[in-house]
2 protein chains.
Amino acid sequence: MTPEPFQREAVRRPASIKDVAAAAGVSATTVSHVLSGNRPVNEHTAARVRSVVNRLGYVPASLARSLQAGSTSVIGLLIPDISNTFFAELAKGAEDAAHDLGYGLILCNTEFDADREDRYLGMIRSRFIDGMVYASGSPPSRRRLEALMGKFPIALADEEVEGLEGALIATADHEAGGRLVGEHLRTLGHRRALMLTGPRALRSSNARANGFVRAFRGEVVELVGDFKESSGYGLVAKLLQEGGLPEDCTAVFAANDLMAFGALLALREAGLSVPEDVSVVGFDDIRAASLAHPPLTTVHQPAYDVGRTATAQLLQYVTRGEVPPASRHTLPVELKVRGSTAPAAR
Amino acid sequence: MTPEPFQREAVRRPASIKDVAAAAGVSATTVSHVLSGNRPVNEHTAARVRSVVNRLGYVPASLARSLQAGSTSVIGLLIPDISNTFFAELAKGAEDAAHDLGYGLILCNTEFDADREDRYLGMIRSRFIDGMVYASGSPPSRRRLEALMGKFPIALADEEVEGLEGALIATADHEAGGRLVGEHLRTLGHRRALMLTGPRALRSSNARANGFVRAFRGEVVELVGDFKESSGYGLVAKLLQEGGLPEDCTAVFAANDLMAFGALLALREAGLSVPEDVSVVGFDDIRAASLAHPPLTTVHQPAYDVGRTATAQLLQYVTRGEVPPASRHTLPVELKVRGSTAPAAR
DNA sequence: CTAGGTATCCAAAACGTTTTGCACAACCCT
DNA sequence: AGGGTTGTGCAAAACGTTTTGGATACCTAG
């Protein structure tokens, strides 16, 4: 018995509140009141209305409702790349927070593309969304954002923006993360390290580097990367070709896990073994970090919490019209010591 | 020089088309025409209007526009878990396809929660979104979906639904994937295998198993899991405790990578080495698969394409009102042979 | 000088709700 | 009997657009 093929109904105008009103012999006002409970309605009339609603399959048009209410109960989440597990986790946190308050979440995936970002920011200017959680992942243009933040509810996630100190912000404690790595490597006896940073324009990247340098108190060679696996590979491979790591350099700290993987690959190709010859540390603790070989020592970022907190802050502002008491949340990070670090080779 | 702290402007009603009209000394109609170019307007007047638009920072309210137009240019993407890389990739494809046609994408993350799914489906019933890409990941309730698909544009991604043959569908060729694995293992000399399936109610899961069994032509012991790492671990660990793998069983095929990882862990804990003692194969090719130790042999699913194709189909239907010629797309999969499979031990 | 264009703009309707002020009846209390 | 309350429901305004049928003035050709 094969089920009969599915049939698409002919399109027809969906029932409106007026249709319901007419069919039930009441005014649209009364239907509205029955459905919203905003004012009392005679139980007998209400029952009749409800029955008509069911029969006609009436569902209020949320557009009209939003237009009247002046808000849509939808916010946006702007991120560069949803297929990056960090942002996926962040998105999950944001979606949870939004859902808790009955809000929808529009995914604004920019691919680091400015045009795309602009188009999405247009959604807030045209008031299609009530607010935006902004986690651009690239150095945001301050001017553009500032103009927007003055007029519309925007919360920053993961990345702060120079000069927007009064804004709503949730971010991981990047500096502390860097410090933890510095202490860890120092304790293991390392005295010279190679640091692969992210783009200079990113505060988070700088904070990681600063924290590291301060706590490590050894000699650090900094190379600027772009957070991609290829850059981690390229920088290290090039260095190795040009005569190897700096003398006595026994550790590599990459500002994110992807670059660490790249570094890992380059080291392995050069015949160096991790962690025996060189220790490697990443940042982010993406899922692959624990599965890699060797498992990567890294700093766990609370991506989910960052997304959730930023969104909760935004919604508190949006729904209650008040800026939350703590308008800046710095969330704790955690060092995950795994197999890619070991005491410095003598 | 610290930048001065950011100031939030006092909230005031945003300028409407009437404000612009008044300030420019024309009617709202004219403003609308200037902006849309729908009808010609005297260039002198138009210039004046445009200048006022800029001065007032007027942006048309998309809600009102949508209400009038009868559509919102936003569609939904319903998935169970955005932090799963498979769905993240799928989401990326969907977002790309939507963006290409000027559509926004609302992320509907259900966490396998029926209430949550219902709430999101409400968005389409209330016409807040023009359509929905449905990739529930769990056996969808046919009745609920059928009623909805008759009335609203819905495309199925990744998972088909029994009896909805006429619907828009994009899915990977699960059966072929299973076959590829079967042939691979058979060629390597394996004759007995353990298969960890997904939930029985999922078509995709069954298709993988069927394809495998057919092509392997050896003896297959099937154990039903739930696509989670824990279930892969649990099933295999239990088996090993109760007397080990079936005699001469030299291969394990898990219906997805996560379960394969679980199996890998259980085998390792029992002192069995992969692939020397047992070969292990997964399905999905999530990022961690290639980074695991040993790198996992698995079937690559075109998650991005599935999302993109399903969305493109949906939008073709939504924008042009016509069902696309090929309303069912089966996308090719690819076997990635890595380190977790080897010739059967004698 | 008039009939038919053309260029330019506007008023009003429509989209589908919610909200608010009011009307009408029925009831209660003194 | 009259004033106040309560219960019930409606009409109209408002939200901010786009669309459509005219209206007005000017111009051109006959």
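These values consider heavy atoms only, across backbone and side chains, with no hydrogens, waters or symmetry-generated copies. Residue numbers start from 1 in every chain, and the chains themselves are labelled A, B, ... in the order their sequence lines are given, proteins ahead of strands.
One N or O on the side chain of B/Asp19 and one on the backbone of B/Ser16 form a donor-acceptor pair closer than 3.5 Å.
Per the geometry, CG belonging to A/Asp19 stands 8 Å off P belonging to C/dG16, to the nearest Å. In this entry the distance linking CD of B/Gln68 with C1' of D/dT20 reads 11 Å, nearest Å. Put simply, NZ on A/Lys18 is 12 Å from P on D/dA11, counting in whole angstrom units. Summarising the geometry, the separation between CZ on A/Arg13 and C1' on C/dA14 is reported as 12 Å, rounded to the nearest angstrom. In this structure, A/Leu56 atom CG and C/dG16 atom C1' are separated by 15 Å, rounded to whole Å. As a whole-Å value, the separation of A/Asn42 CG from C/dA25 P is 17 Å. Following rounding to the nearest Å, B/Arg65 (CZ) and C/dG16 (P) show an atom-to-atom distance of 18 Å. The separation between A/Glu43 atom CD and D/dG9 atom P is 11 Å, rounded to whole Å.
The phosphate of C/dC9 has OP1 or OP2 within less than 4.0 Å of a side-chain N or O from B/Thr45. For A/Asn38, no side-chain nitrogen or oxygen approaches OP1 or OP2 of C/dT18 to under 4.0 Å. At D/dC10, one or more side-chain N or O atoms of A/Ser27 fall inside 4.0 Å of OP1 or OP2 (strictly under the cut-off). For the pair B/Thr30 and C/dC10, the criterion of a side-chain N or O lying under 4.0 Å from OP1 or OP2 is met. In this structure, B/Ser32 reaches the D/dT18 phosphate: one of its side-chain N or O atoms is under 4.0 Å from OP1 or OP2.
With rounding to the nearest 0.5 Å, the separation of CG in A/Leu90 from NZ in A/Lys92 is 12.5 Å.
In this structure, B/Asn109 and B/Phe87 have side chains that are not in contact, with every pair of non-hydrogen atoms separated by 4.5 Å or more. Between B/Phe128 and A/Val74, some side-chain heavy-atom pair lies under the 4.5 Å cut-off.
Residue order along DNA chain C, read from the 5' end via each residue's closest nucleotide, puts B/His33 first among B/Ala69 and B/His33. Closest-nucleotide positions on DNA chain D for B/Ser36 and B/Leu67 were compared, and the one nearer the 5' end corresponds to B/Leu67.
Looking at B/Arg39, its side chain comes within 3.5 Å of the base of D/dG21 through a donor and an acceptor atom.
Taking a cutoff of 4.0 Å between a charged side-chain nitrogen and a carboxylate oxygen, A/Asp113 and A/Arg119 do not qualify as a salt bridge.
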